[in-house]
Amino acid sequence: MTRKTLIIGGASGIGFAVGSLLAGRGEEIILAGRDSAKLDAARQRLSAHAASVHTLVLDISREEELVALGETLGEVNNIVVTAGSQAPGGLLSGLDLRAARQAFDTKFWGSLNVARYLSGNIAPRGTLTFTSGFVARRTVAGSIVKTTMNAAIEAATKVLAKELSPLRVNVVSPGLTDTEAYAGMDAAAREKMLVGAAETLPAKAWGRAEDIAQGYLFAIDNPFVTGSIIDIEGGALIN
């Protein structure tokens with residue numbers, strides 16, 4: 001039976017890499033995101049391999065859009081949420097609180113509202129997989145928004161794994177990953193940053209989107225995994 005997966009944030013980066021792996025298995029995919037042009041480009045790239053690829057424009061920071069989607073989506077086997085937000089950095093004393101709230105509205109509250117309004121669309125014993133980040137459990141001055149936002153997602157995952165059982169709810173926690181998020185950097189500076197970071201990690205490598213994507217497939221495929229934080233961060237948390 002062909003399975004159907006909704007990937008929120010699937011037009012680029014880690015979400016697109018998850019879509020690529022699922023397409024390679026001939027599965028049905030729905031890519032959702034805010035940018036229709038990026039979604040169309042992603043659909044064209046994946047269509048040659050997947051059973052079918054659909055797209056829909058969605059902003060998970062807008063609760064009403066998720067309510068409407070829940071009424072029209074139909075049944076899916078899995079939902080993956082990789083949509084992120086631009087969390088402001090800096091010390092608390094000078095923090096842009098408006099930007100911090102916007103970041104939480106998208107990544108944290110957006111993820112919870114996906115669970116609230118779309119979990120009913122997931123087939124029995126299907127999966128819901130969120131995305132956090134290794135900084136959730138790494139103490140770094142100036143990262144209070146990223147740390148608390150991602151830690152909140154990880155805590156919520158464990159609660160939801162109980163509340164939504166027998167649906168399986170997990171979260172993938174990536175480390176530094178080379179994606180389009182760094183596209184604005186000069187190529188040489190980007191390479192230097194990645195190489196420098198890799199040298200500090202036990203794995204002596206930086207992450208690629210396809211490396212992280214394998215964690216989502218693990219969560220989807222393994223029927224005995226729920227309430228889990230799947231760390232894929234090159235050993236950053238043991239440094």
Side-chain angles (χ1 to χ4, degrees), residues 7-22 24 80-92 95 99-100 103-104 106-108 111 127 129-158 169-222 224-239:
I7 306 171
I8 301 174
S12 62
I14 293 169
F16 180 80
V18 175
S20 294
L21 292 179
L22 293 173
V80 170
V81 184
T82 62
S85 59
Q86 293 296 320
L91 301 179
L92 179 61
L95 194 63
F104 263 83
T106 298
K107 187 165 185 178
F108 176 70
S111 294
T127 69
T129 309
F130 298 121
T131 305
S132 61
F134 80 104
V135 74
R137 283 162 287 130
R138 181 82 178 269
T139 304
V140 180
S143 67
I144 191 167
V145 178
K146 286 184 177 180
T147 294
T148 55
M149 181 172 62
N150 287 300
I153 290 173
E154 293 184 356
T157 294
K158 293 183 176 294
V169 185
N170 297 288
V171 57
V172 173
S173 180
L176 177 66
T177 308
D178 185 20
T179 68
E180 293 94 330
Y182 298 103
M185 292 182 67
D186 172 77
R190 178 174 175 173
E191 180 78 9
K192 182 178 180 180
M193 182 266 297
L194 292 168
V195 170
E199 284 302 310
T200 70
L201 295 173
K204 300 302 179 188
W206 64 79
R208 304 170 301 160
E210 51 266 39
D211 300 326
I212 311 303
Q214 293 181 45
Y216 297 86
L217 266 66
F218 170 73
I220 288 171
D221 291 342
N222 192 317
F224 205 48
V225 175
T226 193
S228 294
I229 302 168
I230 301 167
D231 292 317
I232 310 176
E233 31 71 293
L237 289 173
I238 61 172
N239 261 0

- Output all residues satisfying salt bridge (charged side-chain N to carboxylate O under 4.0 Å, His left out) with Arg190, sequence neighbours left out; order by chain, then residue number.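 Scan of Arg190 (salt bridge (charged side-chain N to carboxylate O under 4.0 Å, His left out), adjacent residues dropped) gives Asp178.
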- side chain to side chain contact (heavy atoms under 4.5 Å, CB included) filter on Ile232, not counting sequence neighbours, yields Val172, Ile212, Ile230
- Residues two or more places apart in sequence or in another chain: which of them pass side chain to side chain contact (heavy atoms under 4.5 Å, CB included) with Ala141? none
Ignoring hydrogens and angles, write down the donor-acceptor pairs under 3.5 Å from the side chains of residues 80-92, residues two or more places apart or on other chains.
| unit_1 | atom_1 | unit_2 | atom_2 | d |
| --- | --- | --- | --- | --- |
| Thr82 | OG1 | Ile8 | O | 3.3 |
| Thr82 | OG1 | Gly9 | O | 3.2 |
| Ser85 | OG | Ala103 | O | 3.1 |

Can you give me the closest heavy-atom contact between [X] and [Y], atom names plus distance?
X: Gly234; Y: Pro202; value: O-CD, 3.4 Å
X: Thr131; Y: Ile153; value: O-CD1, 3.7 Å
X: Ala213; Y: Leu21; value: CB-CD1, 3.6 Å
X: Ala219; Y: Thr129; value: CB-OG1, 3.9 Å
X: Gly196; Y: Thr200; value: O-CG2, 3.4 Å
X: Glu154; Y: Ser132; value: OE2-OG, 2.7 Å

Would you say that [X] contacts [Y] through its side chain, given a criterion of any heavy-atom pair below 4.5 Å between the two side chains?
X: Phe104; Y: Val145; result: yes
X: Lys158; Y: Ile229; result: yes
X: Asn150; Y: Ser173; result: no

- Task: Verify, without hydrogens or angle tests, whether Thr226 (side chain) and Val169 (backbone) share a donor-acceptor contact under 3.5 angstrom.
- Result: yes
Interatomic spacing from [atom1] in [X] to [atom2] in [Y] - rounded to 0.5 Å:
X: Glu199; Y: Leu194; atom1: CD; atom2: CG; value: 12.0 Å
X: Met149; Y: Ser143; atom1: CE; atom2: OG; value: 10.5 Å
X: Met185; Y: Lys192; atom1: CE; atom2: NZ; value: 10.0 Å
X: Leu22; Y: Leu217; atom1: CG; atom2: CG; value: 5.0 Å
X: Leu201; Y: Trp206; atom1: CG; atom2: CH2; value: 11.5 Å

[X]: side-chain hydrogen bond (donor to acceptor under 3.5 Å, both in side chains) partners, not counting sequence neighbours:
X: Ser12; answer: none
X: Asp221; answer: Arg3, Arg25
X: Asn170; answer: none
X: Thr157; answer: none

- Query: Under the salt bridge (charged side-chain N to carboxylate O under 4.0 Å, His left out) rule, what pairs show up with a residue in residues 202-212, not counting sequence neighbours?
  - Reply: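 Of all non-adjacent pairs touching residues 202-212, those that pass salt bridge (charged side-chain N to carboxylate O under 4.0 Å, His left out) are Arg208-Glu210, Arg208-Asp211.
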- Query: How would you list all residue pairs meeting salt bridge (charged side-chain N to carboxylate O under 4.0 Å, His left out) that involve residues 228-237, not counting sequence neighbours?
  - Reply: Arg137-Asp231
- Message: Could you tell me if Tyr216 and Thr127 have a donor-acceptor pair between their side chains, going purely by distance under 3.5 Å?
- Response: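 No, because no side-chain N or O of Thr127 sits under 3.5 Å from a partner of the opposite role on Tyr216.
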- Query: If you draw a 6.0 Å radius around CG in Leu237, do more than 12 non-hydrogen atoms from other residues or ligands fall strictly inside?
  - Reply: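 Counting other residues, nucleotides and ligands, CG of Leu237 exceeds 12 neighbours.
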